[in-house]
Amino acid sequence: RTSPARARERPALTRPAADDLEGWIAALTENPADTDALDAVAQLEAGARADENAERLIEILLARVEHGDSAAERAAFLRELAVIYERQVGDLPHAFTALTAGLREDPTDQDLLADAERLAAETDGWGELVQHLSEIIPTLTDKTIAAKYWARVGSFYHDKLRHDDYAVTSHLEAIKLDDRHAPAHAGLAVIYRKQQKWGDLAAAMEAHAHIEADVDKKIDLYLELGDLHETQLASTARAIESYEKALAADASNQDALAALERLYRRDELWGRLAHVIEKRADMIEGSDPARAGQLRKDLAQLRSEKLGD
């Protein structure tokens with residue numbers, strides 16, 4: 001047995017010197033809650049910042065990443081690393097790597113994604129970015145976030161890498177996860193229009209218009225869809241349906257009214273035509289009474305000749 005006297009003679013554990021970063025990191029590795037080590041690393045970091053010692057600061061931040069308490073904290077350290085690599089060292093590839101590592105830690109950080117896209121543009125690193133995002137997506141449990149990532153990947157495939165088949169697959173994956181994700185529907189429409197796949201384009205636009213929250217965008221989509229059915233798909237019935245949906249969203253939309261008047265007259269849908277003419281006359285009564293009067297004459301003639309009124 002060790003006597004009390006011998007126990008008192010045992011030396012205390014040696015702590016690293018104040019500037020011994022490796023020693024303090026080793027202490028943190030052994031005990032992440034070591035307050036002395038945490039304080040020492042924080043002081044070393046402050047000193048590196050004051051001295052603008054980028055190499056030292058990178059070393060410290062890498063250690064911070066390794067011992068960060070949460071994903072959000074590690075992502076913040078990685079983003080700061082990216083800033084130092086880019087602005088102080090001029091090392092864009094390492095900055096890009098830090099950003100993509102940050103996204104793996106916190107995929108919800110849109111600022112990280114925006115910075116990664118910016119550096120991908122500066123370094124022509126779109127293929128690498130797509131690869132990183134494709135590896136991140138399967139780890140996501142939130143379907144809404146995963147859908148946003150798929151749609152972004154789809155846009156990169158189309159806009160930057162010119163792989164339209166992969167782009168279509170990516171947008172469809174986004175819609176599979178969240179069928180109300182408007183950018184994915186819009187992305188599909190861009191590709192189908194370029195490929196002149198009119199049926200697929202019509203389906204994509206219809207789905208987009210159905211979920212579009214912005215009324216002006218919804219109206220424009222239905223007007224474009226009506227024109228598509230009329231000019232490319234030769235479906236007057238579907239064109240009318242689309243223009244009527246545009247009018248339902250905005251009862252005073254002149255483009256929709258003009259298109260419906262033309263199609264109702266061509267298809268001899270006299271009752272519907274009468275309703276449209278009357279509506280147009282009512283709308284311009286105050287601003288153009290002469291034109292409104294002429295429309296009412298046309299309406300009376302239509303009712304007399306076609307509707308037996």
Undergrad: Look at Asp250 together with Lys218 and state whether they make a salt bridge at an N to O cut-off of under 4.0 Å.
TA: no
Undergrad: Treating Ile, Leu, Val, Met, Phe, Trp and Tyr as nodes and any side-chain heavy-atom pair under 4.5 angstrom as an edge, say whether Leu113 and Val130 lie in one connected cluster.
TA: yes
Undergrad: Give a yes or no on whether Arg87 atom CZ has more than 12 heavy-atom contacts from other residues, nucleotides or ligands under 6.0 Å away.
TA: no
Undergrad: Nearest 0.5 Å please: distance from the CD1 atom of Ile137 over to the NE2 atom of His132.
TA: 13.0 Å
Undergrad: Please check: side-chain N/O of His158 versus main-chain N/O of Asp165, any donor-acceptor pairing under 3.5 Å?
TA: no
Undergrad: Evaluate Asp298 against Gln294 for side-chain hydrogen bond (donor to acceptor under 3.5 Å, both in side chains), listing each step before the verdict.
TA: CA-CA 6 Å; Asp298 294 343; Gln294 182 59 51; 3.1 Å; yes
Undergrad: If we only count heavy atoms from C-beta on, is the Ile219 to Val215 side-chain gap below 4.5 Å?
TA: yes
Undergrad: Can you find a pair of side-chain heavy atoms, one from Leu247 and one from Tyr243, that are under 4.5 Å apart?
TA: no
Undergrad: Is any side-chain heavy atom of Lys279 less than 4.5 Å from a side-chain heavy atom of Met283?
TA: yes
Undergrad: Before giving the answer on salt bridge (Lys or Arg N to Asp or Glu O under 4.0 Å), spell out for Arg180 and Glu212 the whole-Å C-alpha distance, their side-chain angles and the decisive distance to 0.1 Å.
TA: CA-CA 8 Å; Arg180 301 190 66 80; Glu212 179 57 60; over 6 Å; no
Undergrad: For His67, look at atom NE2 and say whether over 12 heavy atoms of other residues, nucleotides or ligands are found less than 6.0 Å away.
TA: yes
Undergrad: So, taking the atom named CD1 in Ile284 and the one named OG in Ser252, what distance separates them when rounded to the nearest 0.5 Å?
TA: 13.0 Å
Undergrad: Below 30° counts as parallel, above 60° as perpendicular, anything between as tilted: where do the rings of Phe156 and Trp126 land?
TA: tilted
Undergrad: When you compare the side chain of Ile240 with that of Leu269, does any pair of heavy atoms fall below 4.5 Å?
TA: yes
Undergrad: CD of Glu128 to OG1 of Thr100: how many Å apart, nearest 0.5 Å?
TA: 6.5 Å
Undergrad: What distance separates Leu302 CG from Glu305 CD, expressed to the nearest 0.5 Å?
TA: 8.0 Å
Undergrad: Flag the pair Arg118 and Glu86 as a salt bridge only when some basic side-chain nitrogen lies within less than 4.0 angstrom of an acidic carboxylate oxygen.
TA: yes
Undergrad: Is there a chain of hydrophobic side chains (I, L, V, M, F, W, Y, each step under 4.5 Å between heavy atoms) that links Leu260 to Leu228?
TA: no
Undergrad: Taking Asp34 for its side chain and Ala37 for its backbone only, find out whether a donor-acceptor pair lies under 3.5 Å.
TA: yes
Undergrad: Could you tell me whether Arg303 and Glu278 make a salt bridge, using a distance below 4.0 angstrom between a side-chain N and a carboxylate O?
TA: yes
Undergrad: Salt bridge (Lys or Arg N to Asp or Glu O under 4.0 Å) for Arg272 and Glu244? Distances and angles first, verdict last.
TA: CA-CA 11 Å; Arg272 294 188 191 182; Glu244 286 177 343; 3.2 Å; yes
Undergrad: Could you check whether any side-chain N or O of Gln131 sits under 3.5 Å from a backbone N or O of Gly127, counting only pairs where one atom can act as donor and the other as acceptor?
TA: no
Undergrad: Does Leu201 reach the side chain of Leu225, with side-chain heavy atoms less than 4.5 Å apart?
TA: no
Undergrad: Quick one: closest heavy-atom pair of Leu81 and Ala98, and the distance?
TA: CB-CB, 4.3 Å
Undergrad: Run the side-chain contact (heavy atoms from CB on, under 4.5 Å) test on His94 and Val89 for me, step by step, so that the C-alpha distance in whole Å, both residues' side-chain angles and the decisive distance to 0.1 Å come before the verdict.
TA: CA-CA 10 Å; His94 273 91; Val89 181; over 6 Å; no
Undergrad: Let me see the working for Asp200 and Arg193 under salt bridge (Lys or Arg N to Asp or Glu O under 4.0 Å), right down to the final yes or no.
TA: CA-CA 9 Å; Asp200 290 335; Arg193 187 184 299 278; over 6 Å; no
Undergrad: Salt-bridged, Lys217 to Asp220, with N to O below 4.0 Å?
TA: no
Undergrad: Return the minimal non-hydrogen interatomic distance between Trp24 and Ala18, and the atom names on each side.
TA: NE1-O, 3.6 Å
Undergrad: Looking at every heavy atom in both Ala174 and Ala151, which two are closest together, and how far apart are they?
TA: CB-N, 3.8 Å
Undergrad: Report yes if the side chains of Asp164 and Lys194 come closer than 4.5 Å at any heavy-atom pair, otherwise no.
TA: yes
Undergrad: Does CD in Glu55 sit with more than 12 non-hydrogen atoms of other residues, nucleotides or ligands closer than 6.0 Å?
TA: no
Undergrad: Between Gly154 and His171, what is the shortest heavy-atom contact and its length?
TA: C-NE2, 3.6 Å
Undergrad: Quick one: does Thr231's side chain have a donor or acceptor within less than 3.5 Å of a partner on Asp227's backbone?
TA: yes
Undergrad: Over all heavy atoms of both residues, which pair between Arg15 and Asp36 is shortest? Give the atoms and the distance, please.
TA: NH2-CB, 3.4 Å
Undergrad: So do the side chains of Arg64 and Glu73 get within less than 4.5 Å of each other, counting heavy atoms only?
TA: no
Undergrad: Report the C-alpha separation of Lys245 and Glu206 in whole Å, then their side-chain angles, then the decisive distance to 0.1 Å, and conclude whether the salt bridge (Lys or Arg N to Asp or Glu O under 4.0 Å) test is met.
TA: CA-CA 11 Å; Lys245 287 180 178 179; Glu206 179 75 43; 2.9 Å; yes
Undergrad: Would you check if the side chain of Trp150 reaches a backbone N or O of Ile175 as a donor-acceptor pair within less than 3.5 Å?
TA: no
Undergrad: Quick one: does Gln254's side chain get under 4.5 Å of Arg280's, heavy atoms only?
TA: yes
Undergrad: Quick check against the 3.5 Å criterion: does Asp109 have a side-chain atom that pairs as donor or acceptor with the backbone of Asp111?
TA: yes
Undergrad: Same cluster or not: are Phe77 and Ile25 linked, directly or through other Ile, Leu, Val, Met, Phe, Trp or Tyr residues, by side-chain heavy atoms under 4.5 angstrom apart?
TA: no
Undergrad: Tell me whether Leu103 is reachable from Val83 by hopping between hydrophobic residues (I, L, V, M, F, W, Y) whose side-chain heavy atoms are closer than 4.5 Å.
TA: no
Undergrad: Can a donor-acceptor pair be found, under 3.5 Å and without considering hydrogens, that links the side chain of Tyr222 to the backbone of Ala256?
TA: no
Undergrad: Whether Arg238 and Glu230 form a salt bridge (side-chain N of Lys/Arg under 4.0 Å from carboxylate O of Asp/Glu) is what I want to check.
TA: no
Undergrad: Please check if Leu44 and Leu61 belong to a single hydrophobic cluster, counting links between Ile, Leu, Val, Met, Phe, Trp and Tyr side chain heavy atoms closer than 4.5 Å.
TA: no
Undergrad: Output the distance between atom CG (Leu223) and atom CG (Asn253), rounded to the nearest 0.5 Å.
TA: 5.0 Å
Undergrad: What is the distance from atom CG of Leu99 to atom CG of Leu129, rounded to the nearest 0.5 Å?
TA: 9.5 Å
Undergrad: Keeping to residues at least two apart or across chains, list the salt bridge (charged side-chain N to carboxylate O under 4.0 Å, His left out) pairs with something in residues 134-148.
TA: Arg104-Glu135
Undergrad: Any salt bridge between Glu117 and Arg152, counting N to O under 4.0 Å?
TA: yes
Undergrad: side-chain contact (heavy atoms from CB on, under 4.5 Å), that's the test. Do Val168 and Leu172 meet it? Break it down for me.
TA: CA-CA 6 Å; Val168 167; Leu172 290 175; 3.8 Å; yes
Undergrad: Where is the tightest heavy-atom contact between Leu273 and Tyr264, given as atom of each residue plus distance?
TA: N-CD1, 3.7 Å
